[in-house]
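Comments concern the structure below.
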Amino acid sequence: MTSLRAGPLDPKGFAVLRSGIRWLADEGHNCKPGELLAYCNVGLAATTRQEVMPFREEWRDLQVAFLSPGSGRLRKADVSRGGFLDRHQHHNHWESDLTIGNLELRPGEKPMAPSSGFMQLRFFAGRRATQLADSPSGLLTGWYDRARTWHADVSGPFTTVLSLGICEQTGIFRGEKDAFWELAALLSPLTHVVWSSDDSLVPTVRVLLEQLQRTPGQQREIEADAAAALAALSPAPTGADWFLIGGALAALARSPLEESYNLLTRGGIVRAGPADIVVLSLNAELAHAFRHRRLGYTFTVHGYRQVELSPALKAWLKSDFDVVTRSAADVRKDYYELIDAVRARRPARFVVLNSFSSSIGDEVVNYAAFDRPMSNLVASVRAKELNLMLYDLARERDVAIVDTDELVAMLGAQHHLPDGVHQSGLVQGKLRERIAQIVNERIAG
Amino acid sequence: MTTAVIKAVHVQEGAQLPTGGKFLDVSVDLTSYAEHDCPAISYFRIAVRERAWVRRVTITAGDEIVPGTALAHLSTDPAEALDDVPSRAARVSVAGILYQPEWW
């Protein structure tokens, strides 16, 4: 029999609190080593005076998962109390002798517990898009503008991998259950994985560059201008409009490329970031963006959200913004500028997912019908030109390419990328493996 | 998909279209078929694959059309009578295009 012991968490200056245990495996389940068995919410209580509390932006959504230390049939201990007591983190103290159950072995089976005798722990943290977005139904189930995970049984130094793409990266990074599980299983334990949302602002390289360079004063000017302009609209924006614009303004104020992080480990709280490896997507390079006429900032929103905007918000965008076409040359220039700006601060590795560039359903026999530059008009031509640009970036700026285009062409787009963006699980898995390989090579030096 | 919206018509009645000449742009909104997340809307350009005279255009930008709608009548001869039943569909090609700023 192998005891499922949690082991110590002892950050200096804090007591660790926890909720009851929520199970992810059934009683009697035939567990495999490293399998996710259960999780709980975790909080910190200061035992000495603290200037700034760690996890200040994530304290409601800090969770820890327990990994199976070996094989055997799961026998659960009485560690769940149900209701809010399994959701709120302040009901129990974390105690190093916490045992959540055991793995029952059959005759001839040997325990495979690690040398410490404790289960391995994996932490998860979500930063809510708004603190109102309360969705504690499971592991990382909230509406987050940023979610992340790391291993608690190493003390670092951690290599931070930042996902800055659109929905195609969400599937690769967060996986089938949105909790990074498939990717985490492929990565070195020294990896800290961060996923950034594209809900409120699409992370084109132009937007990322502006976020990197924007001063707090400029951000205040953007917020004041938007508030005044929206308040002057007739008809007035609805509550839902303010929600949407609030999310966009909050996203404009952040710079994901410059964020640093707290990580709770067995050895205490350690710092990580800003990102050592940045994963971008050519699919984020929308052909058109809004540029504010007076303040000059770029605002990018997915087309399907753009058409859903209310008349008030459309009126604001039409009166205060120009629609600018972002040519392949513009994207190229922005990429070089962004990479150079980040590398002036630190030696970051850039990884870029290219776009699927074959045409699905196109029947073009003559390109006379398309004005030049065709990359501003024909989707497949734009994808090809941007993909080609990546080879220059790879050569001149040492960027790693994740070749979605080749993979999907090989597997078949009709079955694995029917709309050109959203992949099947098989493609997500292959792309995940490639990204993990790049990350692990970087960590291995 | 049950309908499409004409975003732009690139031809005028009486004009001659060369092989490969651009004809019109349409958007297809998949949300009219089912509630759908990104990318719900696709845009396409239709071009002709043969030389033809534009004799009659029956749609304008902004029209919502159903499958099977006749968009225009083309002929190989500029003086061909239009009161006969069309002999065949025009040969066209289709390409997925990007949203254009002038549509905003």
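Letters go in sequence order (proteins before strands), and every chain restarts at 1.
- Using non-hydrogen atoms only and a strict 4.5 Å limit, the part of residues 48-57 of chain B facing chain A consists of R49(B).
- The number of heavy atoms from other shown groups lying within 6.0 Å of CZ (R293(A)) is above 12.
- Residue Q16(B) places its CD atom among more than 12 non-hydrogen atoms of other residues, nucleotides or ligands, all under 6.0 Å distant.
- Among N366(A), T325(A), V324(A), the residue with the largest count of heavy-atom pairs under 4.5 Å with chain B is N366(A).
- Contact annotation for residues 91-104 of chain B against chain A (heavy-atom separation below 4.5 Å, listed by residue number): V92(B), S93(B), V94(B), A95(B), G96(B), I97(B), L98(B), Y99(B), Q100(B), P101(B), W104(B).
- Heavy atoms of Y367(A) lying under 4.5 Å from chain B are absent altogether.
- Looking at heavy atoms from C-beta onward, D371(A) lies in side-chain contact with K22(B) at the 4.5 angstrom threshold.
- In K177(A), the NZ atom is not crowded: 12 or fewer heavy atoms of neighbouring residues, nucleotides or ligands sit closer than 6.0 Å.
- Minimum heavy-atom separation, A47(B) to A369(A): CB-CB, 3.4 Å.
- Taking chain B as the reference chain and counting heavy-atom pairs below 4.5 Å, the highest number among I166(A), V323(A), N376(A), L377(A) is found for L377(A).
- With a 4.5 Å cut-off on non-hydrogen atoms, D322(A) does not touch chain B at all.
- Proximity to chain B (any heavy atom under 4.5 Å) is restricted, for F290(A), to the side chain, taken from C-beta onward.
- With chain A as partner, the option from T19(B), D25(B), I46(B) having the largest number of non-hydrogen pairs under 4.5 angstrom is T19(B).
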